[in-house]
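Here's the structure, in structure tokens; my notes come after.
Just so you know, residue 1 is the first one in the sequence shown, and it goes up from there.
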Amino acid sequence: MEEIEVFSTKLSSTGENVKLFLDHDYLEIPEEDIEDLDEEMGYESYYTIEDSGQEVQRISVINNLPDLLKDTDSHDECMRRVVPKVREVLHVAQCEMQYAASAAFLQILQKNLVPIQNYTQTFLQTILNSVDGKDPEVSSAWLDTLLDVIELLPKDVIKKEILHVAIAKGQLSQSVAARMACCKILGKICTKFESFVIKKEILPVVQSLCQDVDYEVRGCMCNQLHSVARGLGLEATKSAILPELVELTKDEECSVRVHGLETVVNVLASLDSETCSSTIIPLVCKFCQQAMQAEDSTLPEVGKQIGKIAHGLLAYLTDEQKQWFVDYFKKLCKVGLSLEKLKGNRDIVEKDISPTITEIPDFTEDDKFLECRKNCAYNFPAMVLFIGAKHFKSELLGCFSSLCKDPNVQVRKTVSGGFHEVSRVLGQHVAVLQPDLILLLKDESVDVLRGVIANIPCILDCLSGTGSNHSLSESKLHVLNDVILAVLNSEPVVFTSNNWRLQEHLMDNLSCLIKCCSSDVLYQKVIPIVYPKIKSARALPVKHAACRSALKIIRKIKKLTQREELIHCFVEDFCHGRSCHHRSLFVDVCKNVIELYSKTFFKEYFYEYVLELQSDKVPNVRLKLCSILPQLKKIIKLPTDRNLLQQLETCVRRLLLSEKDRDVLASIKIAVDELDKIHVQMEPLTKRSFFEHDLVDQAKEEEEKLLITNEEKEIKKEEEAAEKQKSKGDKKGNASAKKSENGGSKIPAPKKGIKATSTTSSSSGSSTQVSSKGVKTTMNLTKEVNTTKKTVGSPKLSRLPRYSSTPDLNNGLMGKTSPLIPKKMYNKNKVNEDNGLKKLRRYSNIEIDNKKIENSKPVNRSKLPHFSWNKYASDGRQSPHPQRAFLSSDGRSSPHPGMIKAHDHSASGSKLSSSSKTKPPSSAGTTISNSQVKRK
């Protein structure tokens, strides 16, 4: 055989020439070298090493054969010189080369690299010859290639080149392997020919193979009968195929009967109603009864196919036959479990001695019974669809509960994997599954929990009976409390395992609880489970999933103070955290916030904090910061965000000038290139100029504003209700006072010209109302002082928390503000307070009762533990942080030093402003003093 050098640059990864096929003379070595080799490792070992190296090169060439034929320049040369050598060497090639050649020959036909005629003359002949190889694994690989090739070849080529070969292999004189190959080839060919061709040339061979002396051949041909029936048609199937199928289902070999049942299921679509009613239904019923009596290996197969059988025959079954299938399925669900086992299992669950099933002792049982119950659990959704949702509770609920309590983990795992399908089929009747769902969620097996937790969003949607955009009523929320509690209690079991993918599923799917839980439940129960996992989880995908779920939940919490406190937790624990991993994770938090929240929200709460990471001492944190810089520029809109753009440019400039780490420097340069390509957006003048992403962002912002609006409405309703109750109490008090006066009370009445005053307190401030006409200016004062109060109609995304004290308007707020509240919030309110102060000084000569200010209605405070930054407040020492001195030890806002003086001054009964001592004139000519109000 001559040596060939074939296209070295395409075949060798090193670019060297490869000698593909070698002569035996090429391997000749001198005699003295052979003697030395015999002493060291032997002559045969040397040949083995040489052959193995050449074998690798040959396999590489065969794998690249489709690429060679695809190249037009090398196509003809390859067909002339390479392909003949490949065909010649395959007769003595090893298994690896045979596998590579079978795959390459199929790719050549799939990609149409060679004309059909050339392919038939070269590659198809090699495939047909290789099917009869001595190695069964190699022969099976070539047979699979032939079956795939038959689907791509035209009908005339199959009839001319393959049909006669297949028929020859089906003769009794051939080996068992050849006859089994004939069965598979005939089954594939029948889908290509007309019915008369199949009757004339293929059907006799099929019938003889169905009655073959070897059970393996009979079983193999039985598996192909549905393909033959599809090609023959209904009439020929009824006359020729059904008799053979009935005989095969009664075969003495169990494996043949199993294949017969599979074929019955597959052939149902090709039969009419008369045939199904008269032949198939009695056949199936008899087969199932024999399997239950014999308890052989056909019983698991019945459990596997019963769902398909029931659905395929549903239109032809009577009510009695339908009930027979249901009763038979009930028996299959409990096969292999004695009454004592079931009773003991039920007692353990009912008494709740152990909250899990895994502590039940393992029972010794046959694998076929276990497989049967496992197959029944797999087919349970199909049987629920067969019986109907209305009859599920009376017919199949007991079996379903039994499978959920099965002592074997594999059965419970299968049930949990199909629980969402059963819930979806039941629809409105899904509430009966709630105890079984709770039972599965209490299981300590991670495999059982995986099936339920992975599909818990779908299950909760079915239980709640709502879609993705609907809210639940309080009655439904109360019903789901036990399920939600069981889902949350499964967290310790999941996180004690090493399955981080299951942990990721749990953290990700906990976000679906926003549709099933109230705001208080989310804040008090779900957040304490999700938020710590952002820091304590071991796998990074679990941390990301927990972070994303926590942000989704925070978005649905109704109270603004709670949302701001949780945002403050993110900033303090991650942006200002001690661990560099936490600070690096803060960048991922910001990316999720940009995706889930509006741009305005991110710019107000996170923008300035994420830029602080530019001065982080760990290079990896600065490296992570560079990845988010382009996104920060995309959310900027001029001219409103001009200050933020300057901060971003300053950050990039500092990193470029002062960065010493080469990785960070390379990353910031890449980020600068991306920043240059991004154009800063301008605020649109009209709504028509909004782009699609602007509309999405606007919808998010409106949703965030709606939360604030709803909260203000609720507070207003509470205030109105309190005022009504107070007014009722005042009326009762006035009525009792009148009665006492009529009864001759000795308490002196007020002087003439002075009328009684009444006070009203609200959450925004105190107002003094006097019924006298001469004190009208007091009501005007109340109006002016409340200029800082926000209207319900146009809420903003952030504002000062209601529990914080009013800042000192004279001294102002300098430096850093409270970490709970962004800097902009103080600036906006400071302007409003300054305006209110100016208006307040116009009326400095008006007295306001300090008692009424002190008796104002207390504001609602958050239930979340407040964050105390003044650790010296408890023992009276001075705080080292002057800018945070207004936070007391319990986290509530304490007065600023300037405010303390103001309060002390007001407590002594002095006026608001000492600059003017004159009093405004009144129509009655009288004024109201503090002592008179106290006496009243």
Main chain of Lys552, side chain of Ser511: is a donor-acceptor contact present, judged purely on distance under 3.5 Å? no
Do Phe601 and Tyr607 have their ring centres less than 6.0 Å from each other? no
Between the NZ atom in Lys591 and the CG atom in Leu632, the distance rounded to the nearest 0.5 Å is 10.0 Å
Would you check if Leu463 and Ile459 make a side-chain contact, meaning some heavy-atom pair closer than 4.5 Å? yes
Within the structure provided, determine whether Leu645 and Glu649 are in side-chain contact (heavy-atom separation under 4.5 Å). yes
Phe495 side chain reached by Trp500 side chain, heavy atoms, under 4.5 Å: no
Under 3.5 Å: donor-acceptor pair, side chain of Ser584, backbone of Cys580: no
Would you mind checking if Arg622 and Glu659 are paired as a salt bridge, meaning a charged N to carboxylate O distance below 4.0 Å? yes
Output yes when a side-chain donor or acceptor of Arg583 lies under 3.5 Å from a complementary backbone atom of Arg578, and no otherwise. yes
Measuring from atom CG of Asn455 to atom CG of Asn509, what distance do you get when rounded to the nearest 0.5 angstrom? 8.0 Å
Taking Glu504's backbone N and O only, do any of them form a donor-acceptor pair with Asp508's side chain (distance below 3.5 Å, no angle check)? no
Please walk me through it: do Leu441 and Val448 pass side chain to side chain contact (heavy atoms under 4.5 Å, CB included)? CA-CA 8 Å; Leu441 287 170; Val448 177; over 6 Å; no
Minimal non-hydrogen separation, Cys516 against Leu460, with atom names: SG-CB, 4.0 Å
I'd like to check Leu611 versus Leu644 (side-chain heavy atoms, cut-off strictly below 4.5 Å). Are they in contact? no
Could you tell me if the side chain of Val680 sits less than 4.5 Å from the side chain of Arg642, heavy atoms only? no
For a quick test of reading the model, state the closest non-hydrogen atom pair linking Ser627 to Val587 and the distance between them. OG-CG1, 4.2 Å
Once rounded to the nearest 0.5 Å, what's the spacing between atom CG of Leu433 and atom CD1 of Ile438? 11.0 Å
Using every non-hydrogen atom in the two residues, find where Leu506 and Ser490 come nearest and quote the distance to one decimal. CD1-OG, 4.3 Å
Does Cys626 form a side chain to side chain contact (heavy atoms under 4.5 Å, CB included) with Ile670? I'd like the steps, not just the answer. CA-CA 9 Å; Cys626 297; Ile670 296 173; over 6 Å; no
With a 4.5 Å cut-off on side-chain heavy atoms, are Arg450 and His505 touching? no
About how many Å separate SG of Cys462 and CG of Leu426, when rounded to the nearest 0.5 Å? 9.0 Å
So, do Leu502 and Val446 sit near enough that their side-chain heavy atoms are less than 4.5 Å apart? yes
Lys633 side-chain N/O to Ile678 backbone N/O, donor-acceptor pair under 3.5 Å: yes
Is a side-chain N or O of Glu444 found less than 3.5 angstrom from the main chain of Val493, in a donor-acceptor match? no
Flag the pair Ile557 / Leu566 as yes when at least one side-chain heavy-atom distance between them is below 4.5 Å, and no otherwise. yes
May I ask you to say whether Lys515 pairs ionically with Asp461, meaning some side-chain N is under 4.0 Å from a carboxylate O? yes
Straight-line distance of Leu655 CG to Leu623 CG, nearest 0.5 Å: 10.5 Å
Identify each donor-acceptor pair in which a side-chain atom of residues 529-548 lies under 3.5 Å from a protein atom, sequence neighbours left out, and give them as a table.
{"from": "Tyr531", "atom 1": "OH", "to": "Cys569", "atom 2": "O", "distance (Å)": "3.0"}
{"from": "Tyr531", "atom 1": "OH", "to": "Asp573", "atom 2": "OD2", "distance (Å)": "2.7"}
{"from": "Lys533", "atom 1": "NZ", "to": "Glu491", "atom 2": "OE2", "distance (Å)": "2.6"}
{"from": "Ser536", "atom 1": "OG", "to": "Pro532", "atom 2": "O", "distance (Å)": "2.9"}
{"from": "His544", "atom 1": "NE2", "to": "Asp588", "atom 2": "OD2", "distance (Å)": "3.1"}
{"from": "Arg548", "atom 1": "NH1", "to": "Asn592", "atom 2": "OD1", "distance (Å)": "3.4"}
{"from": "Arg548", "atom 1": "NH1", "to": "Glu595", "atom 2": "OE1", "distance (Å)": "3.1"}
{"from": "Arg548", "atom 1": "NH2", "to": "Glu595", "atom 2": "OE2", "distance (Å)": "2.9"}

Within a 6.0 Å radius of atom NE2 on His420, are there more than 12 heavy atoms belonging to other residues, nucleotides or ligands? yes
So which atom in Val664 and which in Pro619 form the shortest heavy-atom distance, rounded to 0.1 Å? CG2-O, 3.3 Å
What are the two closest non-hydrogen atoms of Leu707 and Arg555, and how far apart are they? CD1-O, 3.2 Å
Would Asp697 and Lys700 pass as an ion pair if we require N to O under 4.0 Å? no
How close do Cys404 and Leu440 get, heavy atom to heavy atom, and via which atoms? O-CD2, 4.0 Å
Side chains of Ser518 and Lys558: is there a donor and an acceptor less than 3.5 Å apart? no
Are Ser615 and Arg654 close enough, and set up right, to give a side chain to side chain contact (heavy atoms under 4.5 Å, CB included), and what steps lead you there? CA-CA 9 Å; Ser615 58; Arg654 287 179 181 176; over 6 Å; no
Side chains of Tyr597 and Glu701 only: does a donor on one sit below 3.5 Å from an acceptor on the other? no
Kindly say whether Ile636 contributes a backbone atom to a donor-acceptor pair with the side chain of Gln681 at under 3.5 angstrom? no
Write out all pairs satisfying side-chain hydrogen bond (donor to acceptor under 3.5 Å, both in side chains) with one or both partners inside residues 669-679, taking only residues at least two apart or from two chains. none
When Phe570, Phe586, Tyr609 are each screened for ring pair (Phe, Tyr, Trp, His ring centres under 6.0 Å) with His576, the one that passes is Tyr609
So the side-chain hydrogen bond (donor to acceptor under 3.5 Å, both in side chains) pairs with at least one residue in residues 423-437 (sequence neighbours excluded) are Ser401-Asp436
Approximate separation, where rounding is to 0.5 Å, of Ile456 CD1 and Cys512 SG: 6.5 Å
Given the rule in the side chain to side chain contact (heavy atoms under 4.5 Å, CB included) test, do Ile715 and Glu719 qualify, once you have shown the distances and angles that lead to the verdict? CA-CA 6 Å; Ile715 294 174; Glu719 292 173 356; 3.5 Å; yes
Taking atom NZ of Lys634 as the centre, does the number of heavy atoms from other residues, nucleotides or ligands within less than 6.0 Å exceed 12? no
Run the side-chain hydrogen bond (donor to acceptor under 3.5 Å, both in side chains) check on Tyr605 and Glu564 step by step: do they pass? CA-CA 9 Å; Tyr605 286 94; Glu564 287 183 340; 3.1 Å; yes
